[in-house]
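Single-structure report; data block below.
Values reported hereafter were calculated over all heavy atoms of this structure, with side chains retained and with hydrogens, waters and symmetry mates removed. Predicted model only: the values in this text are computed from it and were never measured.
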Amino acid sequence: GQEVAEVIHEVEVLERATGFVRWLPASECGFGYRESRFKRAGEHVVLAVRLRLRRDGVPTVRYPELARVLGDGASLRDVRSAVRALRAAKGMLIDDGFVPSAGSFFMNPVLTSEAASALPEVPKFAVDGGVKLSAAWLIEHAGFAKGTRRGNVGISSRHSLALVNHGATTTELLAFAGEVQQAVLAKFGVQLHVEPVRWS
């Protein structure tokens, strides 16, 4: 129910250029909403993470979908169970229906208020610095329903943001991602950005 960065104490990294392994304190990781120095620079491989947790910690529930499920007075255990149930329903946990994916493949775009107002039909959420759009909604309304498949790659039958791999190559996966991006751009004028970091 909260950002993992809020409880990260330090991160063990491998520096790609030197092969040196070291621990970085959270203050040096550049954490933000779906952001960190590891995504921006691509200089490190994350090997391990140390968390600082409290047994009696108070849960933080910021996501509307989670808040609707939990109601008031939820414990940390309640939040954990609810998050796992929601993620399982979207095919994001390893279970009997799991198909390999990189999780959410596209980030929810954040536009200026002016740009977002030009898209009255698109669901919007106010965030710091602008208006966030639902990438899942954009993808589905650009013609890519849940379960869409192109050969060995496709969209999860449970979650529109997850691209799933049924034995595809990286080239096939990225080509399909590009097809989705082009369709959203053509229909809504919105550029979707890929969330996973690719190393070549």
Side-chain angles (χ1 to χ4, degrees), residues 1-11 26 29-36 38-39 46 48-111 113 116 119-142 144-148 154-164 177 180 184 188 190 192-197:
Q2 63 188 30
E3 299 292 332
V4 71
E6 296 172 23
V7 293
I8 288 178
H9 176 58
E10 55 186 353
V11 179
C29 295
F31 290 124
Y33 174 69
R34 294 195 174 185
E35 185 60 77
S36 73
F38 311 115
K39 291 185 71 170
V46 175
V49 179
R50 286 187 178 136
L51 305 176
R52 179 163 287 168
L53 306 173
R54 293 179 52 183
R55 289 184 183 276
D56 59 347
V58 177
T60 303
V61 180
R62 294 192 184 115
Y63 300 100
E65 182 180 27
L66 186 58
R68 283 192 297 273
V69 171
L70 287 169
D72 296 327
S75 68
L76 287 174
R77 188 177 301 277
D78 295 335
V79 173
R80 177 184 184 277
S81 296
V83 168
R84 287 185 56 79
L86 289 169
R87 300 310 282 172
K90 295 177 180 181
M92 299 293 186
L93 298 182
I94 296 176
D95 62 14
D96 291 339
F98 177 76
V99 178
S101 82
S104 294
F105 203 85
F106 300 104
M107 292 187 281
N108 290 319
V110 177
L111 307 182
S113 297
L119 299 166
E121 74 280 19
V122 181
K124 303 171 184 69
F125 314 90
V127 294
D128 290 341
V131 177
K132 181 168 66 174
L133 307 184
S134 167
W137 190 96
L138 293 169
I139 290 166
E140 289 187 23
H141 288 80
F144 293 87
K146 292 174 185 171
T148 298
I155 293 181
S156 168
S157 61
R158 300 184 188 181
H159 190 355
S160 306
L161 289 184
L163 299 190
V164 292
V180 172
V184 169
F188 300 103
V190 175
L192 291 182
H193 295 283
V194 171
E195 187 165 1
V197 176

Worksheet item: How close do S36 and F31 get, heavy atom to heavy atom, and via which atoms?
Response: CB-CD2, 3.8 Å
Worksheet item: Does the side chain of L51 reach to within under 4.5 Å of the side chain of I8, using non-hydrogen atoms?
Response: yes
Practice prompt. Could you list the residues that satisfy salt bridge (Lys or Arg N to Asp or Glu O under 4.0 Å) with R50, not counting sequence neighbours?
Written response: E10
Worksheet item: Is I155 close to V164 at the side-chain level, that is, under 4.5 Å between some pair of heavy atoms?
Response: no
Practice prompt. Check whether any side-chain heavy atom of V194 sits under 4.5 Å from a side-chain heavy atom of F106, and report yes or no.
Written response: yes
Item to complete: Under the side chain to side chain contact (heavy atoms under 4.5 Å, CB included) rule, what do F144 and S160 come out as? Steps first, then yes or no, please.
Response: CA-CA 8 Å; F144 293 87; S160 306; over 6 Å; no
Fill in: Distance (rounded to the nearest 0.5 Å) between N108 CG and K124 NZ
13.5 Å
Worksheet item: Which pair of heavy atoms, one from L86 and one from L66, lies closest together, and at what distance?
Response: CD1-CD1, 3.8 Å
Worksheet entry | Donor-acceptor side-chain pairing of D78 and S75 below 3.5 angstrom | yes
Item to complete: Would you check if V190 and V122 make a side-chain contact, meaning some heavy-atom pair closer than 4.5 Å?
Response: no
Practice prompt. Hey, could you give me the CD/CH2 distance between E121 and W137, rounded to the nearest 0.5 Å?
Written response: 4.5 Å
Worksheet item: If every non-hydrogen atom of L161 is compared with every non-hydrogen atom of A135, which pair is closest and at what distance?
Response: CD2-CB, 3.4 Å
Discussion item. Rounded at 0.5 Å granularity, tell me how far OG in S134 sits from CD in E140.
Written reply: 8.0 Å
Worksheet item: Between V11 and C29, what is the shortest heavy-atom contact and its length?
Response: CG2-SG, 3.9 Å
Worksheet entry | Test item: P59 and R80 side chains (from C-beta on) under 4.5 Å apart, heavy atoms | no
Worksheet item: Who passes side-chain contact (heavy atoms from CB on, under 4.5 Å) against R68, sequence neighbours left out?
Response: P64, E65
Worksheet item: Do L192 and I139 touch side chain to side chain, with heavy atoms closer than 4.5 Å?
Response: yes
Worksheet entry | Closest non-hydrogen atom pair between R54 and L76, with its separation | O-CD1, 3.8 Å
Worksheet item: Do you know which two heavy atoms are closest between H159 and S104, and how far apart they sit?
Response: NE2-OG, 4.0 Å
